[in-house]
Amino acid sequence: MCGITGWASFHGDARTQAPVIEAMTATLTPRGPDAGGVWLGERAAIGHRRLAVIDLEGGVQPMTDRPDRPDLVLSYSGEVYNHHELRTELRARGHEFHTRSDTEVVLRAYAEWGEAVAEHLQGMFAFAVWDERAQRLLLVRDRLGVKPLFWATVDGGLAFASEPKALFAHPEIRPRVDADGLREAYSLLFNTGPTVWSGVREVEPGGVLVLDRAGIRGRRYWQLEAVDHTDDQDTAIERTRALVGAAARSQLEADVPLCSLLSGGIDSTVLTALLADELRRREGPDARIRSYAVDYSDQAEQFTGDVLRTGHDTPYAIEAGAFIGTDHSTVVLDPRALLDPEHRKAVVVARDSPIGVGDMDTSVYLLFGEIRRHSTVALSGEAADEVFGGYPWFHNPKALAAETFPWLLVTGDEAAMPLNPELDLRIAEFRDDTYRAALAAVPHTDGESPAEHRQRELQHLSLTRWLRQLLHRKDRLSMAQGLEVRVPYCDHRLVEYAFHTPWALKSFDGREKSLLRAMGAGLAPDSVLHRPKNHYPATHHPDYNRGLQQMARDALATEQIRALADETRIKPCLDTPPDRLEWGHRLRLERVVDLALWLDHYQPELAL
């Protein structure tokens, strides 16, 4: 897991631009604290920051196909989980290897298959290959978009990076925000392609982007398709068990300390159990995996349920850890630490965006920092809700009938930071247009019932939009702490199988995540298996709310925030007693604070 950056241009000589590529690469040091390097050619400059995970000595980057006068240069981030199988296949095709790293496998795979390399890879990855012979730059992103990859045009070509901040170190790319960017950010629709930054785009998940002398072209090498499903219930359970198990086993490889995130929910508990079993199989019956959960010092006394949370996680996480046999730790955070301006700023800078979830982002950042003291790799249960139908909107008649993105029924305008109506962003119109386009992209099979048709829409929206912002959050906040987080439920073979599976099999026991619960029997305590869905915990301490309200007042005292925010809709959130501040209104204040920090750090040009 690393940070990649660089550019290719058919105007000028990149060999004269060493300070530029070095500056771009330096911005990604938190993503790759172990090493860094650059490569300069006439038409391309490639940079890399490394977090060493596999083959600590041999995976140095940028990696070239030969030390002198290379034809191929690779800057790669992520993990390819089938690299052993690919190495065997490529050796049979005549390729020689000099390291154990998956990086070299990707390089040799490109030498063999060229632009079709992505179809052969299984894992999470974002990488760039400069092909000196073909005078071609290839950018590739994994199927689900676990690893980020951004790009922008420059004179005669394009620049790329794991994070926008690296692009802004290039003299031709400045942080600029226009009305389209604000609309993208605050509509909460999670489009991929455009970003909050004018001129900065994402490579599509499952996409490749090519620059050569003919120009820039892109294509999708993978996307969800609808096919008929013929498995009965028992077969579906067994197939799910096999796919989840294979994904977990393939992602356990590392030459550094590894752990699991164990919240006490079904997703993380089943995954941790599979990882623990495989570790014992490999290393002996006494092997134990580390596991971590997060809590707040006030939670046991202050917890109150809300729209996202029904109970306190910690007792379930402790019970799950004891049941599985992990070395379990609970990272307890002081709510006051979530108000620390330096922590808040670090999170906003990690995201390169004003849009997040406030204290939950800050607590994830602090949690990852504590985990990084002991482990370099963590495995997470992220994406199980999208894959197996765990969210309330899959089961709520109101959400099923709503003609909008289902999460807006939860977040909606109550949680969105209200923007000044004088900006005339027409967000409601933008949401309607985007929703119609999103539904048009959903694949269907012939003969679907209306109910099945709707469930297919909701799952596609969840996997292609809602999940993407969660994966961004996981990547940016973990990599800001130099921690690699892997997500086995994002294995594309598992995602495909679940997407093909009829809704009746996903809910056969009358609840959410029926397939995961059935395959997890015996892997988790019954109390966890049958526990209702619970979202990531948040502090409930009135002192946090009081401090947040003051930070929002301070932000609103600045002229720039007053010009962007609708004060009349924020004021009620400031006047509410701290112990009665509802979740949605609190998130509104979080967005005001984050916007102020973002503007202060980036000083973007506002073209509104």
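Just so it is clear, the structure is predicted and the values come from calculations on it, not from any experiment.
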Quick one about Arg108 and Tyr110 (side-chain donor to acceptor, distance below 3.5 Å, no hydrogens or angles considered), yes or no? no
Checking the side chain of Arg141 only, and the main-chain atoms of Val203 only, is there a donor and an acceptor separated by less than 3.5 Å? yes
Scan side-chain atoms only and decide if Tyr489 and Asp385 contain a donor-acceptor pair under the 3.5 Å cut-off. no
Let's go through Trp197 and Trp598 carefully: what are the C-alpha distance in whole Å and the side-chain angles of both, what is the deciding distance for ring-ring contact (aromatic ring centres under 6.0 Å, His included) to 0.1 Å, and is it a yes or a no? CA-CA 12 Å; Trp197 301 108; Trp598 178 72; 5.2 Å; yes
Are the charged groups of Asp142 and Lys147 less than 4.0 angstrom apart, N to O? no
Donor on one side chain, acceptor on other, Thr192 and Glu202, under 3.5 Å: no
So does Val357 get a backbone contact from the side chain of Asp361, meaning a donor-acceptor N/O pair under 3.5 Å? yes
With Ser268, which residues qualify under side-chain hydrogen bond (donor to acceptor under 3.5 Å, both in side chains), at least two apart? Ser263
Check Asp475 with Arg31, please: is the shortest side-chain N to carboxylate O separation under 4.0 Å? yes
Hey, are Trp222 and Glu496 close enough side-chain-wise for a donor-acceptor pair under 3.5 Å? yes
Do the charged groups of Glu163 and Arg476 touch, with an N to O distance under 4.0 Å? yes
Are the side chains of His328 and Tyr292 in touch, meaning some heavy atoms are under 4.5 Å apart? no
Rounded to the nearest 0.5 Å, how far apart are CG of Leu366 and CG of Leu338? 6.5 Å
Is it true that the side chains of Thr362 and His343 contain a donor and an acceptor less than 3.5 Å apart? no
For residues 374-383, tabulate all N or O donor-acceptor pairs below 3.5 Å that involve a side-chain atom, not counting sequence neighbours.
unit_1	atom_1	unit_2	atom_2	d
Ser380	OG	Glu382	N	3.1
Ser380	OG	Lys474	NZ	3.2
Glu382	OE1	Lys474	NZ	3.2

Do Asp491 and Val244 have side-chain heavy atoms sitting under 4.5 Å apart? no
Compare all side-chain heavy atoms of Thr195 with those of Pro164 and state whether any distance is below 4.5 angstrom. no
Any salt bridge linking Arg290 with Asp327? Criterion: basic side-chain nitrogen under 4.0 Å from a carboxylate oxygen. no
Cation over ring face, Arg87 and Phe97, 6.0 Å, 45°: yes
Using 4.0 Å as the upper bound for N to carboxylate O, is an ion pair formed by Asp180 and Arg183? yes
Spacing of Arg174 atom CZ and Gln603 atom CD [to the nearest 0.5 Å]: 11.5 Å
Hey, are the side chains of Val347 and Leu477 touching, using non-hydrogen atoms and a 4.5 Å cut-off? yes
Kindly say whether Leu56 contributes a backbone atom to a donor-acceptor pair with the side chain of Arg50 at under 3.5 angstrom? yes
Side chain proximity check, Ile324 to Ile289, heavy atoms < 4.5 angstrom: no
Using the rule side chain to side chain donor-acceptor pair (under 3.5 Å), only one of Glu79, His83, Arg493 pairs with Gln122; which is it? Arg493
Going by the rule side-chain hydrogen bond (donor to acceptor under 3.5 Å, both in side chains), which residues pair with Thr272 if we only count those two or more places apart in sequence or in a different chain? Ser260
Count the heavy atoms belonging to other residues, nucleotides or ligands that lie under 6.0 Å from CZ of Arg336, then report whether that count exceeds 12. no
Using the six-membered ring of Tyr536, assess whether NZ or CZ of Arg473 lies under 6.0 Å from its centre and within 45 degrees of the ring axis. yes
Distance check, rounded to the nearest 0.5 Å: Tyr221 atom OH versus Glu115 atom CD? 13.5 Å
Are any of the side-chain nitrogens in Arg100 or Asp255 under 4.0 Å away from the carboxylate oxygens of its partner? yes
Measure across Trp407 and Leu189 and return the closest heavy-atom pair with its distance rounded to 0.1 Å. CZ2-O, 4.2 Å
Can a donor-acceptor pair be found, under 3.5 Å and without considering hydrogens, that links the side chain of Arg49 to the backbone of Thr29? no
Under 3.5 Å, is there a donor-acceptor pair linking the side chains of Tyr76 and Asp102? yes
Starting at CG of Leu182, measure out to OG of Ser198 and round the result to the nearest 0.5 Å. 11.0 Å
Polar side chain donor-acceptor pair, Glu386 to Tyr391, under 3.5 angstrom: yes
So which heavy atom on Thr27 is nearest to which on Met24, and how close? OG1-O, 2.7 Å
Show the nearest heavy-atom pair for residues Ser101 and Gly58, with the distance to one decimal. OG-O, 4.2 Å
Just do the side chain to side chain donor-acceptor pair (under 3.5 Å) check on Asn534 and Tyr316 with the steps written out, would you? CA-CA 11 Å; Asn534 212 49; Tyr316 293 95; over 6 Å; no
Give a yes or no on whether the backbone of Val332 and the side-chain of Thr330 come within a donor-acceptor separation of less than 3.5 Å. no
Side-chain donor/acceptor of Ser250 to backbone N/O of Ala247, under 3.5 Å: yes
Specify the closest pair of heavy atoms between Thr539 and Tyr296, including all atoms of both residues, with the distance to one decimal. N-CE1, 3.6 Å
Write down the atom of Lys513, the atom of Gly390, and the distance for their closest heavy-atom approach. CG-CA, 3.7 Å
Examine the side chains of Asp295 and Thr314 and answer whether a donor and an acceptor come within less than 3.5 Å of each other. yes
May I ask you to say whether Arg351 pairs ionically with Asp594, meaning some side-chain N is under 4.0 Å from a carboxylate O? yes
With no hydrogens and no angle check, is any side-chain donor or acceptor of Glu278 less than 3.5 Å from a backbone partner on Leu275? no
Check: Gln251 main-chain N/O paired with Arg486 side-chain donor or acceptor under 3.5 Å: yes
Which atom names give the shortest non-hydrogen contact between Leu279 and Leu252, and what distance separates them? N-CD2, 3.9 Å
State, with a plain yes or no, whether a side-chain heavy atom of His472 is found less than 4.5 Å away from one of Phe190. no
When you compare the side chains of Arg468 and Asn191, does any donor N or O come within less than 3.5 Å of an acceptor on the partner? no
Assess whether side-chain contact (heavy atoms from CB on, under 4.5 Å) is satisfied between Met479 and Leu28, documenting all intermediate values. CA-CA 9 Å; Met479 294 307 295; Leu28 301 176; over 6 Å; no
Is any side-chain heavy atom of Phe405 less than 4.5 Å from a side-chain heavy atom of Leu188? no
Return yes if some donor-acceptor pair links the side-chain N/O of Asp34 with the main-chain N/O of Ala52 below 3.5 Å, else return no. yes
Do Leu599 and Pro604 have side-chain heavy atoms sitting under 4.5 Å apart? yes
Does Phe160 form a ring-ring contact (aromatic ring centres under 6.0 Å, His included) with Trp7? I'd like the steps, not just the answer. CA-CA 6 Å; Phe160 65 90; Trp7 75 87; 9.1 Å; no
Backbone N/O of Met124 and side chain of Tyr81: donor-acceptor pair under 3.5 Å: no
To the nearest 0.5 Å, what is the distance between OG (Ser297) and CG (Asp334)? 4.5 Å
Once rounded to the nearest 0.5 Å, what's the spacing between atom OG of Ser329 and atom CD of Glu370? 10.0 Å
